[in-house]
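Because the structure is a prediction, the values reported are computed rather than measured. Quick note: residue numbers are just sequence positions, from 1.
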Amino acid sequence: MNLCRRGAEVRASSFNEVDNTVDLVWTTGAIVRRQSWIDGPYDEELVVNSKSVRLDRLNAGAPFLNTHANWSLEDVIGSVVPGSARIEKGQGIATIKLSTAPRDADNVAKIRDGIIRNISVGYLTHAIEKIARGKGQVPLWRVIDWEPHEISAVPIPADTGAQIRSADYSYRSAPQTAADMIREAMATREAEQEAIIDRLLANAGGAHD
């Protein structure tokens, strides 16, 4: 099972100043072009209904992250309000409780002002229906059983309808070539190595430039 990511939308007009919450669409199930090392390109469609989407993790208060970062507690800029994640008319909707910590103030202000609007959901796929298409067309993979694990604010989403409302990782906000995937894998590996070195040095009382 792979942890994948998809774009969505935040609706800034839904910002609640008193509760410091905002409503968002975290998926519309839009078809997104993917690339598999083994199978080549394919179109992925998330089936969005109450039978296909497992909402338990979201409704237990799943994290709202800064661009899928998950190395530190500082990456958490909010959380899903328990019980608010639901499926309505083919869309995944949830209410997010935003952080009031000073270090998160800039991002929260941008969400409130409608500057940050794009959302991406991290999810596990449990069952896929693979459908062959006509000659010259890539196959369609319909994800008929999947489980959202986290929601993130991102610069660019894959699912353009997913915004703030008015375990093997794949991280794709747009269609990729093989060269793009190689560069992304190398950059991810370097970032992971840097983070590990920083943690080891911090534990040893050192520093790393």
Inter-residue atom distance L55.CG - I87.CD1, 0.5 Å rounding: 5.0 Å
Pick from V76, D75, L98: which one makes a side-chain contact (heavy atoms from CB on, under 4.5 Å) with F64? L98
Quick one: does any side-chain atom of W146 pair with a main-chain N or O of I128 as donor and acceptor, under 3.5 Å? no
Are V108 and V22 connected in a single hydrophobic cluster, I mean Ile/Leu/Val/Met/Phe/Trp/Tyr linked by side-chain heavy atoms less than 4.5 Å apart? yes
Closer than 3.5 angstrom, by distance alone: can the side chain of S36 be matched with the main-chain N or O of I38 as a donor-acceptor pair? yes
E129: what forms a salt bridge (charged side-chain N to carboxylate O under 4.0 Å, His left out) with it, not counting sequence neighbours? R142
Out of N107, N66, D104, which residue meets the side chain to side chain donor-acceptor pair (under 3.5 Å) rule with S99? D104
Transitively linked via ILVMFWY side-chain contacts under 4.5 Å: I119 with F15? yes
Does V81 share a hydrophobic cluster with V53, counting links as ILVMFWY side-chain heavy atoms below 4.5 Å and allowing steps through other members? no
Working to the nearest 0.5 Å, report the span between NZ of K97 and CG of N16. 8.5 Å
Flag the pair E44 / I31 as yes when at least one side-chain heavy-atom distance between them is below 4.5 Å, and no otherwise. no
So, W26 side chain and I93 main chain: donor-acceptor pair closer than 3.5 Å or not? yes
Just how far is it from atom OG1 of T67 to atom CG of N70, taken to the nearest 0.5 Å? 11.5 Å
Starting at OG1 of T27, measure out to CD1 of I151 and round the result to the nearest 0.5 Å. 10.0 Å
hydrophobic_cluster_shared for V121 and I116, side chain cutoff 4.5 Å: yes
Separation of H126 NE2 from I144 CD1 (nearest 0.5 Å): 12.0 Å
Counting only N and O atoms by type, is there a donor-acceptor contact under 3.5 Å from the side chain of N59 to the main-chain atoms of S84? yes
Report yes or no: does Q137 contribute a side-chain atom to a donor-acceptor pair with the main-chain N or O of G134 at less than 3.5 Å? yes
Min side-chain heavy-atom separation I96-L24 under 4.5 Å: yes
How long is the gap from CG on L58 to OG on S79, to the nearest 0.5 Å? 11.0 Å
Is there side-chain contact between Y123 and L46, with at least one heavy-atom pair below 4.5 Å? yes
Within residues 50-70 or reaching into it, pairs that qualify as salt bridge (Lys or Arg N to Asp or Glu O under 4.0 Å) - sequence neighbours excluded: R54-D145, R57-E147
